[in-house]
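Structure record follows, encoded as structure tokens.
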Amino acid sequence: MAKRTAKRGGNRPVRLSADRLRKGWPGPAGTRVRQATAADTDVIDSLLDTAGVRLFPALRSCIERGTAGAALLNGLDGTTSTFFEDFARRTAGHSTADSMASVSLTLVAADGQDQPIGALSVTAPGTVIERALEHGYSDAQALTLSVAIGKVHGLAVAEEARGQGIASFLLKRAWQVYHQLDYFLLYGSFETERDLGAFYKDCGYTVHAPGEGFLLDRISLPFGIHAGPDQSVFTRWRPPR
């Protein structure tokens, strides 16, 4: 995998903190975008169901226990090294699902009554990990890709709240979190018939042609991600330094 380099100089956005992620930011249409809590999981599943997915059961359990995204939170309050070290501790003696949940980010856009009307689930890259194992990587090596790549698992906004910029704001904040922690890539896919290409392009993602996958050679992985003929993949790579 490509070597990471230390950040130097330049204008950078204000660093996020774990507290800011928990409390959230003012969002479009009077919402507050924040990390999901145990009280949100039923509504999140209902929202994501409209996009054809639900929270992974292990991730939902971690949200309800208050442990989801724990490595991300510690990384935000520390350094990239803090993040890597924390994730390594969470892989030793823990289930793969719990380790992956520690780097998963679940955000909600809550209304004035603090009820979610939008939800975003970014998870560890399960498909990439599976491909790595198929190519002979050890379990530990494959799981380490969870601190380099994030997968946009699901994004949805309540029908009555659409068209107000909530979905793009959720994606923007997720990118800010993972970019601060030096991730190389966020990616996801959608059914081509949903015609979401323009939306993801406007959010800064490259949208690949239907059925077209992408290679991971820029981070020195000898394989790529495939897409079905009815799927469109979207990717956003960290800019070169």
Side-chain angles (χ1 to χ4, degrees), residues 1-2 4 12-13 16 21 25 27-28 31 33 35-36 44 47-48 50-53 55-56 59 69 72 100 103-109 118-129 131 145-157 161-221 223-241:
M1 195 166 64
R4 298 172 189 264
R12 305 188 188 100
L16 301 179
L21 184 58
W25 308 262
T31 60
V33 171
Q35 185 184 29
I44 292 171
L47 288 167
L48 293 181
T50 66
V53 298
L55 290 170
F56 290 122
L59 175 56
L72 298 178
M100 292 169 71
V103 292
S104 296
L105 179 65
T106 310
L107 295 177
V108 297
L120 169 66
S121 176
V122 183
T123 65
T127 301
V128 176
I129 292 170
R131 294 297 311 280
L145 296 172
S146 299
V147 297
I149 301 170
K151 168 72 182 295
V152 179
H153 172 65
L155 172 63
V157 175
R162 294 172 188 167
Q164 302 182 80
I166 293 172
S168 58
F169 193 84
L170 285 163
L171 276 176
K172 175 183 177 181
R173 290 309 184 190
W175 173 257
Q176 190 175 358
V177 169
Y178 285 104
H179 188 265
Q180 181 170 313
L181 294 172
D182 277 357
Y183 272 64
F184 288 106
L185 169 69
L186 289 185
Y187 83 97
S189 64
F190 58 89
E191 294 178 352
T192 304
E193 65 180 15
R194 297 182 65 203
D195 195 24
L196 293 171
F199 166 75
Y200 282 106
K201 285 180 181 177
D202 287 346
C203 291
Y205 289 78
T206 297
V207 178
H208 299 261
E212 179 183 274
F214 64 96
L215 297 175
L216 292 163
D217 53 350
R218 71 172 72 184
I219 53 173
S220 303
L221 293 175
F223 56 85
I225 296 299
H226 302 302
D230 59 345
Q231 288 185 316
S232 292
V233 173
F234 55 92
T235 56
R236 184 172 182 178
W237 290 90
R238 189 182 69 194
R241 293 173 177 170

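Below, all heavy atoms of this structure are taken into account, side chains as well, without hydrogens, waters or symmetry copies. Quantities reported herein were computed from a predicted structural model and do not represent experimental measurements.
- Summarising the geometry of G27 relative to F169, their closest heavy-atom pair is CA-CE2, 3.9 Å, with the distance given to 0.1 Å.
- The two residues A51 and A156 make their nearest non-hydrogen contact at CB-CB, 4.4 Å.
- D182 has its side chain within reach of R238: a pair of non-hydrogen atoms, C-beta onward, lies under 4.5 Å apart.
- Within the model, atoms CD1 of I166 and OG1 of T31 stand 5.0 Å from one another, a figure rounded to the nearest 0.5 Å.
- Looking only at side-chain heavy atoms (C-beta outward), S232 and S189 stay at 4.5 Å or farther from each other.
- To the nearest 0.5 Å, atom CZ of residue R236 and atom CG of residue L186 are 8.0 Å apart.
- Distance check: R173 CZ to W25 CH2 gives 5.5 Å after rounding to the nearest 0.5 Å.
- Without hydrogens or angle criteria, Q176 side chain to L16 main chain gives no donor-acceptor distance under 3.5 Å.
- The distance from atom CZ of R194 to atom CG of D230, rounded to the nearest 0.5 Å, is 12.5 Å.
- Listed by chain and residue number, L105, L107, L120, V122 satisfy the side-chain contact (heavy atoms from CB on, under 4.5 Å) test with A174 (two or more places apart in sequence, or in another chain).
- If you run side chain to side chain contact (heavy atoms under 4.5 Å, CB included) between Q35 and each of V177, L21, L72, only L21 comes through.
- Within the 4.5 Å cutoff, the side chain of I44 has no heavy atoms near those of the S121 side chain.
- Here the CZ atom belonging to F223 is positioned 10.5 Å from the CG atom belonging to L215, to the nearest 0.5 angstrom.
- Between A119 and L48, the shortest heavy-atom contact is O-CD2, 4.0 Å.
- Atom-to-atom distance recorded for L155:CG and L170:CG is 6.0 Å, nearest 0.5 angstrom.
- Shown are V152, V128, L216; of these, the side chain to side chain contact (heavy atoms under 4.5 Å, CB included) with Y187 is made only by V128.
- Looking at heavy atoms from C-beta onward, I219 lies out of side-chain contact with L185 at the 4.5 angstrom threshold.
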Let me have the donor-acceptor pairs involving side chains of residues 199-214, under 3.5 Å, with sequence neighbours excluded, atom names and distances please.
residue: H208; atom: ND1; partner: E212; partner atom: OE2; Å: 3.1
residue: H208; atom: NE2; partner: T235; partner atom: OG1; Å: 3.1

Inset, instruction - Run the numbers on I129 and M100 for side-chain contact (heavy atoms from CB on, under 4.5 Å), then give the verdict. - result: CA-CA 11 Å; I129 292 170; M100 292 169 71; 4.1 Å; yes

